[in-house]
Number of protein chains: 2
Amino acid sequence: MNTEKQNLTNSTETHAVSDATLRAFIGYRMKRAFNVVRDDLTATLRAFDLRMLTYTALVLIVDNPGLRQSQLADAMDIERPNLVIIIDELERRDLIIRDRVPTDRRAYALKATLAGRQLYERAVAAVTSHEEKLLANLDQGTIKIVFDAFSVIEQAKRRT
Amino acid sequence: MNTEKQNLTNSTETHAVSDATLRAFIGYRMKRAFNVVRDDLTATLRAFDLRMLTYTALVLIVDNPGLRQSQLADAMDIERPNLVIIIDELERRDLIIRDRVPTDRRAYALKATLAGRQLYERAVAAVTSHEEKLLANLDQGTIKIVFDAFSVIEQAKRRT
DNA sequence: TAAAAATAGATATGGAACATAACAATGACA
DNA sequence: TGTCATTGTTATGTTCCATATCTATTTTTA
């Protein structure tokens, strides 16, 4: 009776699933590519007992000694309350310290310890190596264009 | 005494935070661009009471009537247990149905309802419009190169 | 100079997307 | 006929995200 529907059902059984509608969107393709990058980053950082956000925070603190928590949250594009537990963990592991700011008793100046700087060196080297493998089949010209496109998209947010 | 450190602290106060180390990574730039795309998608879908995953599932089901849950999970690159609550919600809203498969009593054939197909049309149109705005400052050639780069990255996963 | 407003960091709580382990029912295969 | 694989599910936990609200402190305003 409903032979067209049955044909469609059989079609799905014997043919690949079509995601053509979604593939028209850059957002969907970016999500799928980011899944790969995120999984690779997660696997890479596991050896250092780091996650995406604790790694990012550590790198920004090493590169910007004296950074305030509010500055770090801005730089990472995350909400300030969500930063507290990240800083707590890095501090508990003695990778960073929360120094007081003499001129502003509300604020902390975040600084990396020697252990933090050493972990930074190893983690950044590992992430660099892994990302090189992921991008082995992309030439530098393409990567440059992709970087520029990401900047344009990031700035689209600031205009809306 | 520790005047160099104090100078660095003052430096952070008066200069922008540097994220140059992270900006060297495509993964970091992709994450930041994806934050923008995801926020825009979330805002766009809110009007239809959809989220990123329920929207994606609906689109794939409308385009592939008779799809199995395991096929859908593969197509969406998510774990099968995480699909259950997504399908539950779409079914509860009468956007899809779980049809039984006569030849395999374990499986369901997922099909969209009329309401589901109508919501698909409206949601896809809205997402199309919003993404066009996000990409207004990117030319088609650049978008094509970015799409191709994403494919290369997605395929890098299959090779590791 | 005191009050109001803003800022910095924190606690609490919840949502969404992600993961794994284990299970029952069913189908495929040797 | 027994073993292995598949399908969907329940249970549970992790990570990244959001908002509301609070206290202490600093800055601004009248």
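On a predicted model such as this, the values are computed, not experimentally measured, just so you know. First the proteins, then the strands, lettered A, B, ... as listed; each starts at 1.
A side-chain N or O of B:Arg100 and one of B:Tyr108 form a donor-acceptor pair less than 3.5 Å apart. For the 3.5 Å distance criterion, the side chains of B:Asp39 and B:Thr42 fail to qualify, holding no donor opposite an acceptor. A donor-acceptor pair shorter than 3.5 Å cannot be found between the side chains of B:Asp148 and B:Ser151.
Between C:dT7 and A:Ser70, no contact under 4.0 Å exists linking OP1 or OP2 to a side-chain N or O. For the pair A:Gln69 and C:dA10, the criterion of a side-chain N or O lying under 4.0 Å from OP1 or OP2 is met. Remark: B:Arg38 is in phosphate contact with D:dC17, judged by side-chain N or O atoms under 4.0 Å from OP1 or OP2. An OP1 or OP2 oxygen of C:dA25 is reached within less than 4.0 angstrom by no side-chain nitrogen or oxygen of B:Arg105. Taking side-chain N and O atoms only, B:Arg68 has no distance below 4.0 Å to OP1 or OP2 of D:dG8.
The side chain of B:Asn82 sits closest to C:dC18 out of C:dC18, C:dG9, C:dA10. Of all nucleotides listed (C:dT20, D:dT15, C:dA10), C:dT20 comes nearest to the side chain of B:Pro81. Minimum atom distance to the side chain of A:Arg106 is reached by C:dA8, of the listed C:dA8, D:dC17, D:dG8. When the nucleotides C:dT20, C:dC18, D:dC17 are ranked by their closest atom to the side chain of A:Asn35, C:dC18 comes out on top. With D:dC16, D:dT9, D:dG8 as the candidates, the nucleotide lying closest to the side chain of B:Ala107 is D:dG8. The listed nucleotides are C:dA16, D:dC17, C:dC18; the one nearest the side chain of A:Leu53 is D:dC17.
Mapping A:Asp39 and A:Tyr108 onto DNA chain C via the closest heavy atom, the residue that lands nearer the 5' end is A:Tyr108.
For the helix from C:dT1-D:dA30 to C:dA30-D:dT1, the terminal axes (five pairs an end, C1' atoms, rotation from four pairs onto the next four) enclose an angle of 20°, given to 10 degrees.
In this structure, NZ of B:Lys31 is placed 10 Å from C1' of D:dT15, rounded to the nearest angstrom. The CD1 atom of B:Ile86 sits 10 Å away from the C1' atom of C:dC18 (whole-angstrom rounding). The interatomic distance linking A:Asp99 (CG) with C:dG9 (C1') rounds to 16 Å, in whole Å. Rounded to an integer number of Å, the gap from A:Ile87 CD1 to C:dT11 C1' is 16 Å.
Using a 4.0 Å cut-off between charged nitrogen and carboxylate oxygen, B:Arg29 and B:Asp19 do not count as a salt-bridge pair. The existence of a salt bridge linking B:Arg98 and B:Asp88 is confirmed by a sub-4.0 Å separation between a basic side-chain nitrogen and an acidic carboxylate oxygen.
The aromatic rings of B:Phe34 and A:Phe34 lie parallel to each other, their planes meeting at an angle below 30°, with 60° marking the opposite boundary.
Backbone-only engagement by A:Arg51 is indicated by non-hydrogen atom pairs under 4.0 Å involving sugar-phosphate atoms exclusively.
Side-chain atoms of A:Arg93 come within 3.5 Å of backbone atoms of A:Asp49 as a donor-acceptor pair (strictly under, hydrogens ignored).
Looking only at side-chain heavy atoms (C-beta outward), A:Met30 and A:Ile153 come within less than 4.5 Å of each other.
Put simply, the side chain of A:Asp104 and the base of C:dA8 share no donor and acceptor less than 3.5 Å apart.
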